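Notes follow the structure.
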Amino acid sequence: MSKEPKGKLTIRTVAMPADTNPAGDIFGGWVLSQMDVAGSVAAVERVHGRVATVAIEAMSFIAPVKVGDVLCVYCEIERVGTTSITVRMEAWVRRRFEPDRVKVTEGRFIYVALGEDGKKARIPAA
Ligand SMILES: CC(C)(COP(=O)(O)OP(=O)(O)OC[C@H]1O[C@@H](n2cnc3c(N)ncnc32)[C@H](O)[C@@H]1OP(=O)(O)O)[C@@H](O)C(=O)NCCC(=O)NCCS
């Protein structure tokens with residue numbers, strides 16, 4: 001497995017005790033929502049307007065996230081369609097008091113550009 005994250009660091013946050021599952025690790029839905037937020041930041045930067053998540057095309061949980069981990073989400077735009085934009089992302093953590101980064105997830109989320117009326121809108125050329 002690659003030792004280096006691919007993509008641009010888009011968000012960085014700390015996993016808190018309130019985000020745990022009954023086993024004491026971080027709830028997968030919390031990690032997924034951080035990825036969704038990061039992907040939307042990447043999509044908005046490219047689209048220069050509102051976006052909505054339309055699909056999660058791929059999502060893999062590779063290693064657990066623990067309380068106190070610093071979660072970093074890296075994004076790259078994989079494809080720009082007429083109104084949709086596909087963002088490939090991966091999340092890595094730095095465990096508390098440990099120097100190495102660990103890859104915990106990867107995914108591919110699709111966003112649709114929206115106009116002010118809330119309907120899909122054509123994405124302008126870069
Ligand atoms: C996003 C939304 C406005 C799209 O409207 P629509 O008229 O149904 O759009 P279309 O079916 O024509 O698809 C628009 C684009 O999204 C893509 N798309 C739609 N559904 C998709 C899916 N399940 N997987 C991959 N791509 C999809 C289409 O291929 C198209 O891409 P393109 O224009 O680049 O070719 C509408 O589906 C919506 O409001 N969804 C809810 C979004 C939301 O609330 N998200 C938050 C989740 S809580």
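Keep in mind the model is a prediction, meaning the values are calculated, not measured.
Scanning all heavy atoms of the two residues, the minimum distance from S40 to V37 falls at OG-O, 2.7 Å. Of all non-hydrogen atoms in G115 and A121, the two that sit nearest each other are N-CB, 3.6 Å. In terms of heavy atoms, G7 sits closest to Y74 at O-CD2, 3.7 Å. The two residues P64 and V104 have their closest heavy-atom pair at O-CG1, 3.9 Å.
Residues V31 and I26 are in side-chain contact: their nearest non-hydrogen atoms beyond the backbone lie under 4.5 Å apart. Taking 4.5 Å as the limit, some side-chain heavy atom of M59 sits within range of a side-chain heavy atom of F109. Side-chain contact between P5 and R101 is present, with heavy atoms from C-beta onward closer than 4.5 Å.
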List the steps, then state whether side chain to side chain contact (heavy atoms under 4.5 Å, CB included) holds for L114 with V51. CA-CA 5 Å; L114 300 179; V51 299; 5.9 Å; no

Chi angles and distances behind the side chain to side chain contact (heavy atoms under 4.5 Å, CB included) call for R94, D69: CA-CA 6 Å; R94 259 186 216 284; D69 285 354; over 6 Å; no

List the steps, then state whether side chain to side chain contact (heavy atoms under 4.5 Å, CB included) holds for C72 with V70. CA-CA 6 Å; C72 302; V70 177; 4.3 Å; yes

Run the numbers on K3 and K103 for side chain to side chain contact (heavy atoms under 4.5 Å, CB included), then give the verdict. CA-CA 8 Å; K3 290 270 180 222; K103 185 175 179 179; over 6 Å; no

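For the side chain to side chain donor-acceptor pair (under 3.5 Å) condition, the pairs that include at least one residue of residues 111-126, sequence neighbours left out, are D36-Y111. Applying the salt bridge (Lys or Arg N to Asp or Glu O under 4.0 Å) test to every pair with at least one member in residues 15-26, sequence neighbours left out, gives these pairs: D25-K66.
When atom types are taken as modelled, the side chain of E90 and the backbone of K6 share a donor-acceptor pair closer than 3.5 angstrom.
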Table please: side-chain donor-acceptor pairs of residues 9-17 below 3.5 Å, with sequence neighbours left out.
unit_1	atom_1	unit_2	atom_2	d
T10	OG1	K8	O	2.8

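Residues passing the side-chain hydrogen bond (donor to acceptor under 3.5 Å, both in side chains) test with E98, sequence neighbours excluded: none. For T86, the side chain to side chain contact (heavy atoms under 4.5 Å, CB included) criterion is met by E78, R79, R108, I110, not counting sequence neighbours. Shown here are the side chain to side chain contact (heavy atoms under 4.5 Å, CB included) partners of I123, two or more places apart in sequence or in another chain: R46, V47, V80, I85, A113.
In this structure, CE on M89 lies 5.0 Å from SG on C75, to the nearest 0.5 angstrom.
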